[in-house]
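Here is the structure we will look at, set down as structure tokens.
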Amino acid sequence: MRLLLISVVCTLFTQFSGAKAAPAAPSKPVREILPQITLQFEAYGQGIEVSPKDVFLGYPFCSADGTVYLNARVPPDYASQFLIGVSPKGELTRYSLIPAQGLVYTTVLSVDAEGPDVYALVSAEKIEQLRDNDLNPESSEAKTAPYYRYFILHFSHDLAVPDEISLDLPFQPMKLAATSEGTFIIVGLDTVNQLPVIALVDDSGQLIQELDLHGKFDSDGAIVANAPQDLRSQFP
């Protein structure tokens with residue numbers, strides 16, 4: 001009798017446990033839970049006539065006249081490097097960086113325009129300096145050599161080859177703005193003291209004046225994020 005009672009209790013307990021452990025109803029897929037919105041895109045305005053094979057480097061550069069400049073490399077070998085200016089009316093102008101005499105491994109840092117003239121702040125290596133240090137300009141060692149310097153390339157419709165302005169500054173330049181007086185405002189970083197710098201530079205690349213910041217900016221990131229053309233009025 002005792003065995004029969006134990007058997008009945010175990011059977012009831014098993015049935016009760018099975019009822020508690022019944023699987024929950026399957027959850028709905030996420031796509032049925034989240035709200036659904038359908039977007040329909042239509043063509044607006046005229047597209048930019050650039051090759052789909054072009055490779056664009058970095059972010060676009062916005063100049064004071066509203067033209068946007070794209071840094072591009074073109075096929076088939078992607079060694080040819082251009083600036084492509086897109087005006088507010090959608091007109092395209094190409095400026096080749098290849099003819100820049102004596103420069104290799106050019107990196108565009110900033111672009112601005114003043115009238116018909118376009119200026120690009122670049123870092124690059126001089127071929128002659130590499131050769132003076134027994135380095136082949138086309139070698140992999142040349143790409144990592146510590147001979148990078150900063151230049152301003154001047155492009156104009158009447159120039160087959162851009163003018164080259166070598167910068168001689170006590171700080172690392174990062175952005176530039178061209179003025180109507182032929183000078184440049186350079187935004188950069190004092191790498192020794194880790195302080196932002198704004199300076200006025202002449203058309204030969206020499207420092208004219210530094211703007212006294214009076215603690216207005218607390219980091220190099222804060223100052224570089226601002227368009228340098230907004231600071232033109234602060235120079236006499």
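Positions are given from 1 along the sequence.
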Val108 side chain near Gln81 side chain, heavy-atom distance below 4.5 Å = yes

Sub-4.5 Å side-chain heavy-atom contact between Ser123 and Thr106 = no

Any side-chain heavy atom of Asp112 within less than 4.5 Å of one from Phe184?
-> no

Here the gap from Asp168 atom CG to Arg149 atom CZ, rounded to the nearest 0.5 Å, amounts to 8.5 Å

Heavy-atom pair of closest approach, residues Val68 and Pro60 | CG1-CB, 3.5 Å

Hey, are the side chains of Leu92 and Val86 touching, using non-hydrogen atoms and a 4.5 Å cut-off?
-> yes

Is there side-chain contact between Phe171 and Ile198, with heavy atoms separated by less than 4.5 Å?
-> no

Tyr95 and His157 aromatic ring geometry - parallel, tilted or perpendicular at 30°/60° bounds | tilted

Close side-chain approach of Ser166 and Lys126, heavy atoms under 4.5 Å = no

Taking atom CZ of Phe151 and atom CG of Leu109, what is their separation to the nearest 0.5 Å?
-> 12.0 Å

What are the two closest heavy atoms between Ala124 and Leu103, and how far apart are they?
-> CB-CB, 4.1 Å

Residue pair Val118 / Tyr69, side-chain heavy-atom distance below 4.5 Å | yes

Which atom pair, heavy atoms only, marks the closest approach of Val201 to Ile186?
-> CG2-CG1, 3.6 Å

Report the distance from atom CD1 of Ile84 to atom OG1 of Thr67, rounding to the nearest 0.5 Å.
-> 13.5 Å

Atom CG in Leu200, atom CD1 in Ile208: separation rounded to 0.5 Å?
-> 4.0 Å

So, for Met174 and Leu121, which heavy atoms are closest and what is the spacing to 0.1 Å?
-> C-CD2, 3.7 Å

For the residue pair Glu114 and Thr179, what are the closest heavy atoms and their distance?
-> CG-O, 3.6 Å

About how many Å separate CZ of Phe155 and OG of Ser96, when rounded to the nearest 0.5 Å?
-> 7.5 Å

Closest contact, heavy atoms only, Asp117 versus Ser156 | OD1-OG, 3.3 Å

Would you give the length of the straight line joining atom CD of Gln206 to atom CG of Leu169, rounded to the nearest 0.5 angstrom?
-> 8.0 Å

